[in-house]
A.B. asks: 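One structure is given below, represented as structure tokens, and several questions about it will come after.
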Amino acid sequence: MQRLFPKGSDDNSGAIKQISKRNQKTMTSQNKGNKTIYDVAICGSGLAGLTLARQLKLNKPNLSIIALDRLGEVIPETTLKVGESTVYPGAYYLSHVLQLEDYFQKNHFLKLGPRFFFGDGRGLFQERPELGLSEFPPFPESYQIDRGHLEKELRLLNQQKGVEIKQNCSVKDIELSEEPEKPHKIIYSQKDENKTNICEARWVIDAMGRRRFLQKKLGLGKPNDPNFNAVWFRVQGRIDVSDFVPIAERSWHDRVPENKRYYSTNHLCGEGYWIWLIPLASGHTSIGIVAKEEIHSFKEFHTYRLAYKWLEKYEPVLANALKEKQPADFKKMPKYSYSSSQVFSINRLATVGDAGVFPDPFYSPGMNLIGYGNSLVTQAIELDIEGKLTQEQIDKANNFYLSLNDKIAESIHNTYSVLNRPVIMTAKFIWDLVTGMPPTSLFFNSNSLLLDLDKKEEIGKNNALMSQLAERMEPFF
Ligand SMILES: Cc1cc2nc3c(=O)[nH]c(=O)nc-3n(C[C@H](O)[C@H](O)[C@H](O)COP(=O)(O)OP(=O)(O)OC[C@H]3O[C@@H](n4cnc5c(N)ncnc54)[C@H](O)[C@@H]3O)c2cc1C
């Protein structure tokens, strides 16, 4: 392990010594000779990198930021990427922290919460126990996101705010500086060019997704959980659960009027698996199969042909709705869940989004974690500007973020064998909704609470009580 990214430790005796030593002037890019030294280099401009660049610019407009991505100018509306469904913390981050509420209202579907259909997928659809909202709640809102559309918009908005965007640009290496005042070096190559280039920055952020570049380089990654796999695809047009039930079943249809179930993230849950159906404003429906290896081997559904056969067996009503359709894309992701031993460092490094951790897609926590991680990085950089960033704050940030990820992973993974059981899952869903709120309160109250160690103690006490209770409830479910 390099000392550049020391493991979070409880020993904070060196904290004062490790206070970041930069002078307290506002950072802006410096020109040394003909070299620009940026304040922040964000490697990878997917959802995590782009949202971080926006948050940094909103909070500190003078920061000089370069964002590099290997993708070119054209991002397809419907990309192969997942991460389309948001829940309240992630949606709050996008709408309010990033000030994108108008954009979301105009360009993406409002989500009618998550909706679950439990029980046996082989019977009549209207007989499956259902958990979900009947009406859009007055607040808070969440969205179904077309990733391609959002990433295009964020690139544009970031450019307007002065972020230097480098497209078609592949990061080859990151040379980490060993001295507090010396910048890190990012080595990259531009598409169709036969040479490598270097850019330098005080902070370097790995937002390059599942490649987990820095984590691997520094030996911080934890192995992927081999037990959980997913595939997903998009089909043109509306695949609507309301069409799975005959119109004559009035009471079923009246329970959620005007076929609004379509706007939920619909989960078809069976033993050891769940399937998502997400409506997209582009006119596609996103469909994914997520399953536990011990119950449903990945080999049974890892191509579209096999996935369709698998659906015919376990979810024949959905298979029938897909009969005449061809997938617009298909992607598989075995062993999608992993964690890390560290994501933030006093040495001006961080890994955000999938470059850091990913617990599980059930409950759609991806955007929430991006929001929490980005906010912690933003605060760390702000504290660094003021010369106030300490090892203790970094340790707290790592501890908060990693324990949240690991608890989400454990709690969700434990439920796969009972996903078809309506009574257990309903109680668990409501319980998780309530206990999942404490981290959200950090945003709802004030974004700046996260690294405020005094206030965090206060919040920490209440969260600790909730955490202890949650640990006792978990085996019960
Ligand atoms: C099955 C599944 C379902 C999910 N569903 C949801 C959901 O419903 N809701 C939710 O919130 N989250 C969901 N997630 C999580 C979500 O997908 C991630 O949180 C999100 O996509 C992470 O974004 P990112 O920016 O970290 O990674 P990416 O979006 O993968 O971005 C990484 C970027 O880095 C660039 N890059 C890679 N290598 C290089 C390089 N060498 N040089 C330059 N650039 C590079 C890529 O081009 C890309 O643009 C799901 C995840 C899985 C596995």
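We count ligands from 1, going down the list as the structure has it; atoms in each ligand are counted the same way.
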A.B. asks: Can you list the atoms of ligand 1 that are under 4.0 Å from a heavy atom of Ala48?
C.D. replies: 24 (P), 25 (O), 26 (O)
A.B. asks: In terms of atom number and element, which parts of ligand 1 are under 4.0 angstrom from non-hydrogen atoms of Trp276?
C.D. replies: 1 (C), 3 (C)
A.B. asks: Does Lys335, at its NZ atom, have more than 12 non-hydrogen atoms belonging to other residues, nucleotides or ligands within less than 6.0 Å?
C.D. replies: no
A.B. asks: Any nitrogen or oxygen of Ala230 lying under 3.5 Å from a nitrogen or oxygen in ligand 1? Just yes or no.
C.D. replies: no
A.B. asks: State which residues pass side chain to side chain contact (heavy atoms under 4.5 Å, CB included) with Pro327; sequence neighbours excluded, sorted by chain then number.
C.D. replies: Phe233, Tyr304
A.B. asks: Angle between ring planes, Phe477 versus Trp431, binned at 30° and 60°: parallel, tilted or perpendicular?
C.D. replies: tilted
A.B. asks: In terms of atom number and element, which parts of ligand 1 are under 4.0 angstrom from non-hydrogen atoms of Met333?
C.D. replies: 53 (C)
A.B. asks: What closest approach, in Å, do Val377 and Ala350 show between heavy atoms, and which atom pair accounts for it?
C.D. replies: CG2-CB, 3.7 Å
A.B. asks: So for ligand 1, is Asp69 a polar contact partner (N or O within less than 3.5 Å, distance only)?
C.D. replies: yes
A.B. asks: Only heavy atoms of Trp232, strictly under 4.0 Å: list the atoms of ligand 1 that pass.
C.D. replies: 1 (C)
A.B. asks: Below 4.0 angstrom from a heavy atom of Gly353, which ligand 1 atoms are there? Numbered from 1 as shown, please.
C.D. replies: 26 (O)
A.B. asks: Take the angle between the ring planes of Trp276 and Trp274 and call it parallel below 30°, perpendicular above 60°, tilted in between.
C.D. replies: tilted
A.B. asks: Could you name the option among Gly373, Ser85, Cys169 that has the heavy atom nearest to atom 43 (C) of ligand 1?
C.D. replies: Cys169
A.B. asks: Just which atoms of ligand 1 are under 4.0 Å from any heavy atom in Ser45?
C.D. replies: 49 (O)
A.B. asks: Indicate whether any N or O donor in one side chain lies under 3.5 Å from an N or O acceptor in the other, for His413 and Asp360.
C.D. replies: yes
A.B. asks: Tell me which protein heavy atom sits closest to atom 5 (N) of ligand 1, plus the residue, atom name and distance to 0.1 Å.
C.D. replies: Gly83 N, 3.7 Å
A.B. asks: Test of understanding: with salt bridge (Lys or Arg N to Asp or Glu O under 4.0 Å), list the residues that count as partners of Asp243, not counting sequence neighbours.
C.D. replies: none
A.B. asks: Compute the shortest N/O to N/O distance between Arg210 and ligand 1 and return yes if it is under 3.5 Å, no if not.
C.D. replies: no
A.B. asks: Among Pro359, Gly209, Ala355, whose heavy atom sits nearest atom 27 (O) of ligand 1?
C.D. replies: Gly209
A.B. asks: Could you point out which residue of Arg234, Arg238, Gln236 forms a side chain to side chain donor-acceptor pair (under 3.5 Å) with His284?
C.D. replies: Gln236
A.B. asks: May I ask whether Gly356 has any heavy atom positioned less than 4.0 angstrom from an atom of ligand 1?
C.D. replies: no
A.B. asks: Any N or O on Arg211 sitting closer than 3.5 Å to an N or O of ligand 1?
C.D. replies: yes
A.B. asks: Counting heavy atoms only, which of Arg147, Arg212, Met367 is nearest atom 20 (C) of ligand 1?
C.D. replies: Arg147
A.B. asks: Look at the rings of Trp310 and Phe301 and say which category their plane angle falls in: under 30° parallel, 30 to 60° tilted, over 60° perpendicular.
C.D. replies: tilted
A.B. asks: Which is closest to atom 34 (O) of ligand 1 in terms of heavy atoms, Gln144, Gln167, Met208?
C.D. replies: Met208
A.B. asks: Below 3.5 Å, N or O to N or O, backbone or side chain included: is there any such pair between Arg70 and ligand 1?
C.D. replies: yes
A.B. asks: So, is Leu71 polar-close to ligand 1, with some N/O to N/O distance under 3.5 Å?
C.D. replies: no
A.B. asks: Below 4.0 Å, non-hydrogen atoms only: which portion of Cys43 touches ligand 1? Side chain, backbone, both or neither.
C.D. replies: neither
A.B. asks: Considering only the protein, which heavy-atom contact is closest to atom 19 (O) of ligand 1, and what is its distance?
C.D. replies: Asp354 OD1, 3.5 Å
A.B. asks: Show your working on salt bridge (charged side-chain N to carboxylate O under 4.0 Å, His left out) between Arg128 and Glu315 and close with a plain yes or no.
C.D. replies: CA-CA 12 Å; Arg128 290 181 86 163; Glu315 293 287 343; 2.7 Å; yes
A.B. asks: Could you tell me which non-hydrogen atom of Ala380 sits nearest to which non-hydrogen atom of Ile394, and how far apart they are?
C.D. replies: CB-CD1, 4.5 Å
A.B. asks: To which protein heavy atom is atom 16 (C) of ligand 1 closest, and what is the distance rounded to 0.1 Å?
C.D. replies: Val82 O, 3.8 Å
A.B. asks: By number and element, which atoms of ligand 1 are closer than 4.0 Å to a non-hydrogen atom of Pro361?
C.D. replies: 1 (C), 2 (C), 3 (C), 4 (C), 5 (N)
A.B. asks: Atom OH in Tyr88, atom CD in Glu141: separation rounded to 0.5 Å?
C.D. replies: 9.5 Å
A.B. asks: Under 6.0 Å from the CD atom of Gln326, do we count more than 12 heavy atoms belonging to anything else shown?
C.D. replies: no
A.B. asks: Does any donor atom in the side chain of Ser297 or Glu293 lie under 3.5 Å from an acceptor atom in the other side chain?
C.D. replies: yes
A.B. asks: Test of understanding: given a 4.0 Å heavy-atom threshold, classify the contact between Tyr188 and ligand 1 as side chain, backbone, both, or neither.
C.D. replies: neither
A.B. asks: Among all protein non-hydrogen atoms, which one is nearest to atom 28 (P) of ligand 1, and what is the separation to 0.1 Å?
C.D. replies: Lys81 NZ, 3.9 Å
A.B. asks: So, does Gly90 sit close enough to ligand 1 that a heavy atom of it is under 4.0 Å from the ligand?
C.D. replies: no
A.B. asks: Compare every heavy atom of Ser85 with every heavy atom of Thr265, then report the nearest pair and how far apart it is.
C.D. replies: OG1-OG, 2.6 Å
A.B. asks: Out of Phe362, Phe358, Tyr363, Phe213, whose heavy atom is nearest to atom 14 (N) of ligand 1?
C.D. replies: Phe358
A.B. asks: Can you name the atoms of ligand 1, numbered from 1 with element, that are less than 4.0 Å from a heavy atom of Ala207?
C.D. replies: 32 (C), 33 (C), 34 (O)
A.B. asks: Check this for me - ligand 1, Glu151, N or O atoms closer than 3.5 angstrom, yes or no?
C.D. replies: no
A.B. asks: In plain terms, say whether Glu130 and Arg261 are close enough for a salt bridge, that is, a side-chain N and a carboxylate O under 4.0 Å apart.
C.D. replies: yes
